[in-house]
Amino acid sequence: MVYLLLYLSLMVGFTAISAKDKFDYCLPSNSSCWPSQAQWSELKSKISGGKLHDISDNSEYNKICDASSVDPNAAYTLEDKGEGRCMQYHDCSKEKCDDKAGWNIPEYSVEASEETDIIEAIKFANEYNIQVVVKTTGHNYAGASMGDGALLVWMRHFKKYGDIMKAYEKCSETYDAVLKVGGGQIWEEAYKAVGNDYHMVGGGGLTVSAAGGWLNGGGLSASARLYGMGIDQVVEFEVITADGSKVTASKCENDDLFWALRGGGGGSFGVTTSVHYKLHATKPFCEIIFTITDFYEPTWDTKTLVKWIGVLVDSAPTFDQKWGGYWTLNSGIFYYQGTDEELKKDEFLIKIASLGYIKWDRWNCAESYFAARGGPENMSTDQTSQKEFNIASRLVPMSFVENNPEKMKEILVWMISNGFYTFNYIIGGKMMDVAADATAVHPAMRESVFQIETFDERLIQKLRDELPDSGAGFNHAAKNEPDWENQFWGRNRERLETLKEKWDPENRFNCWHCVGYLAKSDAGSVSFSLIFYLTTLVILLCSH
């Protein structure tokens, strides 16, 4: 009987620790498991055009990824350079985007152009127990597409689609129009594919992947208040999973994976090869950019800034869904769905104009959002290539602003003299119509009116202190966000971790700020489960 108990104890124990719970990937330093040059050459022969790249020489990074931070085209330069090694923010070439830490560049990159390239890469990684990371253009602020000793699946040159399909049927629903976007395509390409024919809910950064991290992290957009987030537009994904299988995820196929991919973060559950997006009928839009002009040397007068904060906070609970976009403590970049005539009569616009000391940097009304932004030739995007970029974010619940408007104003006024620089979204509207558990994004995202983004530790800590339970916006979160799993996903975290075990039991996809992340510092640790069952075994032996 005792031996039966011993056997059962061991079996239960090993079952409990069967899922990977420590960093035990094979690394180049371990010659007993690391593939030989001949084995890498064999993989190279299976990749389209032989585009398997050795990117392990860290000394090459600064020479190759040399785009200037003052170059408005730096984001376009970096997305195609370095065989996948270049990041848009160079501190993210280091571990956890810490410029003082060690290099975190993968050993090899597979420049994928076909599904078979991704499948072969994953099969190879499974055979030799190599960590896999995924990257398109390298905009992730936490460096989730990097991993020392990893195999990188680089998607930027993956085959492109851009096909608009009308009366598209899926899961017993018919959609007026959808756009199929490839896993390596960027927002500039997606917007140009749609043009003025339809409206597409998309990102502000034109070189950001349209089917990768932006979307998997939720997909905030200047038109999200009118149509919902990016994840609310997805009809289906095509994905290569951790076992090398190609699957479709939708409401009626692999619906649990469909749920996880909509908010669970990029690089965690598979490699997305395409997305079918809902499109909307074209409507007129206006782009309005303004700056408050009396907050400058020599007086640095804050009176108008304080008034602007008052207008913003007081208007927030009743924002018309036609308004979307971004704001700072002394400016706004807004998109209004309507005509020039309608805009001039809008109550929020009238309140802004009444502040005085307003400079209208841009006022462009056109037949579509695409045209309002400048159309195919004149759209602008973010400058990148900074050596360090310390962004952080916090969600501000609508209930907090409604119940504590004066406190909200006090916090924002305090920020003026304690760091000042922010870049923030107005959110809510249609985003709130989706149930908190319908997608994997933090439930607080469905209940908030602002996402505030900061670039100074004082500012983000103030928000954490004042709003301890509100959560962080995943795609703009601090690279060192405390308690990050809970701050990113809230009560959705537990289900995401369960689905990670189902879809990637060996944690083949492993990256910082990703579900199931395993750190190198855990490589030599012994799991609690193993300790518990070994202890049980000793007790049974001693009792016998």
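Below, each value reflects all heavy atoms present in this structure, side chains not excepted, and no hydrogens, waters or symmetry copies. Numbers for residues simply follow the sequence, beginning at 1.
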Would Lys100 and Asp91 count as a salt bridge (charged side-chain N to carboxylate O under 4.0 Å, His left out) here? Give the steps.
CA-CA 8 Å; Lys100 299 179 180 62; Asp91 53 352; over 6 Å; no
Between Phe488 and Trp484, how do the two ring planes meet: parallel, tilted or perpendicular, split at 30° and 60°?
tilted
Give, for atom CG of Asn507 and atom OH of Tyr517, the distance between the pair rounded to the nearest 0.5 Å.
11.0 Å
From the list His280, His276, Lys278, side chain to side chain donor-acceptor pair (under 3.5 Å) with Gln233 holds only for His280
Is Arg394 salt-bridged to Glu481, cutoff N-O under 4.0 Å?
yes
Test Tyr425 against His476 for ring-ring contact (aromatic ring centres under 6.0 Å, His included), laying out the working first.
CA-CA 11 Å; Tyr425 285 78; His476 305 90; 5.5 Å; yes
Are any non-hydrogen side-chain atoms of Ser56 and Ile105 less than 4.5 angstrom apart?
no
Under 4.0 Å between a Lys/Arg side-chain N and an Asp/Glu carboxylate O for Lys81 and Asp66?
yes
Is the closest side-chain donor-acceptor distance between Tyr128 and Gln39 under 3.5 Å?
yes
Can you measure from CG (Asp80) to SG (Cys86) and round to the nearest 0.5 angstrom?
10.0 Å
Looking only at the side chains, is there a donor atom on one of His513 and Asn140 sitting less than 3.5 Å from an acceptor on the other?
no
Any side-chain heavy atom of Leu151 sitting closer than 4.5 Å to one from Trp40?
yes
Within a radius of less than 6.0 Å around NZ of Lys51, do more than 12 heavy atoms belonging to other residues, nucleotides or ligands occur?
no
Inspect the contact between Glu253 and Lys170 and indicate whether a charged nitrogen and a carboxylate oxygen are less than 4.0 angstrom apart.
yes
Where do Ala193 and Leu179 come nearest, in terms of heavy atoms and distance?
CB-CD1, 4.2 Å
Is the shortest side-chain heavy-atom distance between Thr384 and Tyr89 below 4.5 Å?
yes
Could you report the tightest heavy-atom contact between Leu27 and Lys520, atom names first, then the distance?
CD1-CE, 4.3 Å
Around Glu494, counting heavy atoms of other residues, nucleotides and ligands shown, do more than 12 lie under 6.0 Å from its CD?
no
Between Phe423 and Tyr326, is the ring centroid distance below 6.0 Å?
yes
Decide side-chain contact (heavy atoms from CB on, under 4.5 Å) for Ser93 and Arg85; before the verdict, give the C-alpha distance in whole Å, the side-chain angles of both, and the deciding distance to 0.1 Å.
CA-CA 8 Å; Ser93 63; Arg85 62 164 63 82; over 6 Å; no
Under 6.0 Å between the ring centres of Tyr108 and His53?
no
Hey, are Thr454 and Asp456 close enough side-chain-wise for a donor-acceptor pair under 3.5 Å?
no
His90-Gln386 side chain donor-acceptor pair, cut-off 3.5 Å
no
With a 4.5 Å heavy-atom cut-off, do Ile240 and Thr273 have their side chains touching?
yes
Within the 4.5 Å heavy-atom criterion, are Phe455 and Asn390 side-chain neighbours or not?
no
Salt bridge or not between Glu497 and Arg493? Use side-chain N to carboxylate O under 4.0 Å.
yes
Between Glu60 and Lys63, does any side-chain N to carboxylate O distance fall below 4.0 Å?
yes
Phe258 and Phe237 aromatic ring geometry - parallel, tilted or perpendicular at 30°/60° bounds:
perpendicular
Rounded at 0.5 Å granularity, tell me how far OG in Ser145 sits from CG in Leu152.
7.0 Å
May I have the step-by-step check of ring-ring contact (aromatic ring centres under 6.0 Å, His included) for Tyr335 and Tyr369, ending in yes or no?
CA-CA 8 Å; Tyr335 295 88; Tyr369 169 81; 5.1 Å; yes
Side chains of Glu485 and Val515: does their closest heavy-atom pair fall under 4.5 Å?
no
Give, for atom CG of Asn475 and atom CG of Leu220, the distance between the pair rounded to the nearest 0.5 Å.
7.0 Å
Indicate the atoms forming the closest heavy-atom contact of Gly264 with Leu496, along with that distance.
CA-CD2, 3.9 Å
Measure across Thr136 and Gly183 and return the closest heavy-atom pair with its distance rounded to 0.1 Å.
OG1-O, 3.6 Å
Apply the test side-chain contact (heavy atoms from CB on, under 4.5 Å) to residues Leu43 and Glu120: give CA-CA distance (whole Å), side-chain angles for both, the deciding distance (0.1 Å), then the verdict.
CA-CA 7 Å; Leu43 174 61; Glu120 291 296 339; 4.2 Å; yes
Check whether any side-chain heavy atom of Ile118 sits under 4.5 Å from a side-chain heavy atom of Met155, and report yes or no.
yes
Checking Val133, Ile55, Val153 against Ser109 for side-chain contact (heavy atoms from CB on, under 4.5 Å), the one that qualifies is Ile55
Check whether Phe158 forms a cation-pi arrangement with Arg156 (NZ or CZ under 6.0 Å from the six-membered ring centre, at most 45° off the ring normal).
no
Between Lys192 and Glu377, is the closest basic N to carboxylate O distance under 4.0 Å?
no
Assess Lys479 against Trp512: is NZ or CZ under 6.0 Å from the centre of the six-membered ring, and within 45 degrees of the ring's axis?
no
d(His442 NE2, Gln487 CD) to nearest 0.5 Å is 6.0 Å
Check step by step if side-chain contact (heavy atoms from CB on, under 4.5 Å) holds for Phe124 and Glu42.
CA-CA 10 Å; Phe124 186 86; Glu42 183 181 356; over 6 Å; no
Cationic N near anionic O, under 4.0 Å, Arg446 to Asp232:
yes
Looking only at side-chain N and O atoms, does Glu236 offer a donor or acceptor that is under 3.5 Å from a partner on Ser250?
no
Heavy atoms only: give me the nearest Ser448-Ala444 pair and the separation to one decimal.
OG-O, 2.7 Å
What verdict does the side-chain contact (heavy atoms from CB on, under 4.5 Å) test give for Val178 and Ile164, after you've listed the backbone C-alpha separation in whole Å, the side-chain angles of each residue and the deciding distance to 0.1 Å?
CA-CA 6 Å; Val178 301; Ile164 295 176; over 6 Å; no
Heavy-atom closest pair, residues Arg491 and Ala436:
NH2-CB, 3.3 Å
For Trp259 and Asp437, indicate whether the former's side chain and the latter's backbone hold a donor-acceptor pair under 3.5 Å.
yes
Tell me yes or no: between the side chains of Asp483 and Asn486, is some donor less than 3.5 Å from an acceptor?
yes
Are the side chains of Arg508 and Gln131 in contact, using a 4.5 Å heavy-atom criterion?
no
Step by step, would you call Asp255 with Lys251 a salt bridge (charged side-chain N to carboxylate O under 4.0 Å, His left out)?
CA-CA 5 Å; Asp255 60 335; Lys251 286 194 293 188; over 6 Å; no
About how many Å separate CG of Asp148 and CG of Asn104, when rounded to the nearest 0.5 Å?
6.0 Å
Salt bridge or not between Asp98 and Lys94? Use side-chain N to carboxylate O under 4.0 Å.
no
When you check the side-chain N and O atoms of Tyr141 and Gln88, is any donor under 3.5 Å from an acceptor?
no
